[in-house]
Amino acid sequence: MQIALALIALQLVVRGLVLSRGYFYWDDLILTGRSGSMSLLSSQFLFYDHDGHFMPAAFLVAGIATRSAPYNWPVAALMLLVLQALASLALLRLLRLILGRRPTILIPLVFYLFSPLTLPAFAWWAAGLNALPLQIGLAWVAGDAIRLCRTGSARYAISGFLVFAVSLQFFEKAVLVPLVAFAAVALLYRVDGRARPIRATAARGALLWAPTLLLAVVWSLIYRLTVTVDFAEYDGASAVEMVRHAISKGLLPTVFGGPWTWDRWPPSPPWADPPGVLIAASGVLAAAVVVATIVWKRRVAWVWIAVGAYVFASVAAMVVTRSGAETTFELGQTLRYLTDSAVIIAIALAVILRAPDRTAGVGSWRGPALSVALMSAFVAGSLVSTATFADSWRDDTTRDYLANARSALAAHPDVPLLEQPASIWVLLPVAHPHNLVSHVLGPLPDRPEFAASTPALRMLDDDGRLVDAQVTWVRAIDPGQEPGCGHRIGTDVSELSLDGPLAGWEWTVRLNYLASADGEITVSLQQGEPVTVPVRRGANSVFVRLTGGGGLLEVRAVEPDLTLCVGSGPVGVVVPSP
């Protein structure tokens, strides 16, 4: 037991080092941005359809972290480490229930603790808030199911139900937790030689199966009413290729301590990029392990069938919901869709080790020295893979972008900043509207207001630095007809013609004006919603962000005693000043 706890402590040290080289990434910014602008207990916040995911508890946890310390990576990293510790301890509990205190317990435990299979989802905060509660649920509920079936005590049914209910709020895939628990008990009964293992499992665990099945049905109805599931359009050849990449280049090499190397196209996450020799060797080794364990142990073929079914379901879900013409085959190599398979494989190894030998001589090759050597080789390869992953994961611009933006905005809190997309090296436009700086940087406490107009035009560059900006001359406001004034603006709508039409888009106009007093005006494009803009007495300029199109600019004064003269000016997009 002391060795097992020491190994868990070592895992947390290694994973802590990985987190020390990581930072917030992609969905983390979306979770943080929403947390900073919404009530944490509102249905709009908790029941948001996040790219097909239903995860109210993950949103709530992210919201609490954001409200207490926005973009504070140590806080997020600590959350991940705590969840990882709970997952590892839950699995240790389960392995003890299956194998007792035998030294062989270390084999599946070491596999789970150091396998790179769980690494990409762990290091990414948003993914970890999905994956780690799922791993906790898989291990804990399976353990409660075993204890319930052994003792008949209802407290294990209550505990298992509650943990399942909680894990279900973090990740929709947790709906599989009771099924995994049922399979774990049934496979244990089978390798122990119990007659009718499925019937026995159903009968002895009924106190757990009935309420979890009811909850799964109710939750599924809520999920279908809340989330829109868009099934991807794919052809058979593409599906086969994506499965091949996920299994041969993703899952199998990591099962044996790979992939050793990772590739990345920022801002995408790293994906497994194993050498060809490892790809070939892992396929051969996987087949050899399956055959050898079936020859060595009694009644274990169904254990591997169950593992294959779970992996197939995970890959199939990825193909059905994520593949398409614009999806790269490397998606499966990111391992996020297979990370929970590490728990399943660990359970399978424990069940197989529990099974009786076919003959006394078949297992004679086993020995402590060989087991230690194999585990050491696995851990060594896994640590190499972990180190190279950490190096790849560190190659990200988000850390510098947010640090520069935080200091720049804090230094200029009094001048409103026009809306703009964040750097494409931080969030791509497909994340719109969550890629807008008002979403990404809104949670920061020391910053200027994000507004539709500003008297001084600045923008954040790709490094997050605040720089002076200008409006390009895509179109221009035509000069007005009134001598010495241009366009005279009062409370009636004045139409300022442009020197050409604009397509529907997000444009910025520079209004050069002379105002009789401080006040407000409304400005809109011919086809677009009006924006209220503050103006100051005297000759000034204001930059206004408008959405729409057409060949006219419509302006009017809000206050009856306010008049303006507006001259020519550009309408276009904002770019850094030379």
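Small disclaimer: the values here were computed from a predicted structure and weren't measured. As a basis for the values below, the full set of heavy atoms in this structure was taken, side chains included, without hydrogen atoms, waters or symmetry mates.
- Put simply, the side chain of L338 reaches to within 4.5 Å of the side chain of S341, judged on heavy atoms.
- Between L132 and Q135, the closest side-chain pair of non-hydrogen atoms falls below 4.5 Å.
- The closest side-chain heavy-atom distance from M55 to L46 is not below 4.5 Å.
- Shown are F24, Y25, W262, W125; of these, the ring pair (Phe, Tyr, Trp, His ring centres under 6.0 Å) with W393 is made only by Y25.
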Could you walk me through whether Y310 and L138 pass side chain to side chain contact (heavy atoms under 4.5 Å, CB included), step by step?
CA-CA 12 Å; Y310 190 92; L138 288 169; 4.0 Å; yes
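- With hydrogens and angles ignored, the 3.5 Å screen pairs no side-chain donor or acceptor of T339 with any backbone N or O of R336.
- A heavy-atom distance below 4.5 Å is not found between the side chains of H53 and Y48.
- Closest approach of I30 to A431, counting heavy atoms only: CD1-CB, 4.5 Å.
- By the 6.0 Å contact criterion, CH2 on W302 is open, its count of non-hydrogen atoms from other residues, nucleotides or ligands being 12 or less.
- Between the T397 side chain and the W425 main chain, a donor and an acceptor come within less than 3.5 Å of each other.
- A side-chain contact (heavy atoms from CB on, under 4.5 Å) with V440 is found for one member of L402, N435, T398 and no other, namely L402.
- Proximity of a side-chain donor or acceptor of R394 to a complementary backbone N or O of G22 within less than 3.5 Å is not detected.
- Rounded to the nearest 0.5 Å, atoms CG (L95) and CZ (R101) are 13.5 Å apart.
- The side-chain heavy atoms of W271 and L331, taken from C-beta on, include no pair separated by under 4.5 Å.
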Would Y23 and D28 count as a side chain to side chain contact (heavy atoms under 4.5 Å, CB included) here? Give the steps.
CA-CA 9 Å; Y23 198 65; D28 301 347; over 6 Å; no
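- A donor-acceptor pair under 3.5 Å is absent between the side-chain atoms of S268 and the main chain of R264, judged by distance alone.
- A salt bridge links D340 to K173: at least one charged side-chain nitrogen sits closer than 4.0 Å to a carboxylate oxygen.
- What you find for K297 and L353 is that their closest heavy atoms are NZ-O, 3.3 Å.
- Looking at F111, F256, Y112 one by one, the single match for ring pair (Phe, Tyr, Trp, His ring centres under 6.0 Å) with F378 turns out to be F111.
- Of all heavy-atom pairs spanning A65 and M79, the tightest one is CB-CE, 3.4 Å.
- Residue R199 places its CZ atom among 12 or fewer non-hydrogen atoms of other residues, nucleotides or ligands, all under 6.0 Å distant.
- With contacts defined as side-chain heavy-atom distances shorter than 4.5 Å, the pair P116/F389 does not qualify.
- In the displayed structure, R196 atom CZ is contacted under 6.0 Å by at most 12 heavy atoms of other residues, nucleotides or ligands.
- Ion pairing of D192 with R354 is present here, as a side-chain N (NZ or NE/NH1/NH2) and a carboxylate O approach within less than 4.0 Å.
- A distance-only check finds a donor-acceptor pair linking the side chain of Q333 to the backbone of A272 [under 3.5 Å].
- Around the CG atom of L17, the shell of radius 6.0 Å holds more than 12 heavy atoms that belong to other residues, nucleotides or ligands.
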One pair to check against side-chain hydrogen bond (donor to acceptor under 3.5 Å, both in side chains): T261 and D273. What are the steps and the verdict?
CA-CA 5 Å; T261 57; D273 186 30; 4.5 Å; no
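- Distance CD1/I8 to CG/L92: 4.5 Å, rounded to 0.5 Å.
- Below 30°, between 30° and 60°, or above 60°: for Y223 and W219 the angle between ring planes is below 30°, a parallel geometry.
- A heavy-atom distance below 4.5 Å is not found between the side chains of L162 and V166.
- The closest donor-acceptor contact from the side chain of S392 to the backbone of T388 lies at 3.5 Å or more, if one exists at all.
- Under the 3.5 Å distance criterion, the side-chain polar atoms of R194 are left unmatched by any main-chain donor or acceptor of Y189.
- Two residues are said to be in side-chain contact when any heavy atoms from C-beta on lie closer than 4.5 Å; Y337 and S314 fail this criterion.
- When all heavy atoms of W26 and V426 are compared, the closest pair comes out as CE3-O, 3.8 Å.
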Show your working on side chain to side chain contact (heavy atoms under 4.5 Å, CB included) between K249 and R244 and close with a plain yes or no.
CA-CA 7 Å; K249 295 186 177 183; R244 186 181 72 81; 4.2 Å; yes
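- No side-chain donor-acceptor contact under 3.5 Å links H245 and E330.
- With values rounded to the nearest 0.5 angstrom, L106 atom CG is found 9.5 Å from L113 atom CG.
- Remark: the backbone N or O of Y156 is not paired with any side-chain donor or acceptor of S159 at under 3.5 angstrom.
- The minimum heavy-atom distance linking L80 with G128 is given by the pair CD2-CA, 3.9 Å.
- Considering all non-hydrogen atoms of both residues, L129 and F170 come closest at O-CD2, 3.2 Å.
- Remark: the backbone N or O of I294 is paired with a side-chain donor or acceptor of R358 at under 3.5 angstrom.
- Between R298 and D357, no side-chain nitrogen of the basic residue sits less than 4.0 Å from a carboxylate oxygen of the acidic one, so the salt-bridge criterion is not met.
- The CG atom of L109 sits 11.0 Å away from the CD1 atom of I3 when rounded to the nearest 0.5 Å.
- Salt-bridge annotation for D396 and R21: absent, with no side-chain N of the basic residue lying under 4.0 Å from a carboxylate O of the acidic one.
- In this structure, L29 CG and L427 CG are separated by 5.0 Å, a value rounded to the nearest 0.5 Å.
- For the pair W304 (side chain) and A348 (backbone), a donor-acceptor distance under 3.5 Å is absent.
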Please report the C-alpha distance between W124 and D27 in whole Å, then the side-chain angles of each, then the deciding distance to 0.1 Å, and finally whether the side chain to side chain contact (heavy atoms under 4.5 Å, CB included) criterion is met.
CA-CA 9 Å; W124 183 356; D27 288 46; 3.6 Å; yes
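- Remark: Q169 CD to F59 CZ distance equals 12.5 Å, nearest 0.5 Å.
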Between T118 and R15, is a side-chain hydrogen bond (donor to acceptor under 3.5 Å, both in side chains) present by the stated rule, with each step listed?
CA-CA 11 Å; T118 62; R15 292 296 170 93; 2.8 Å; yes
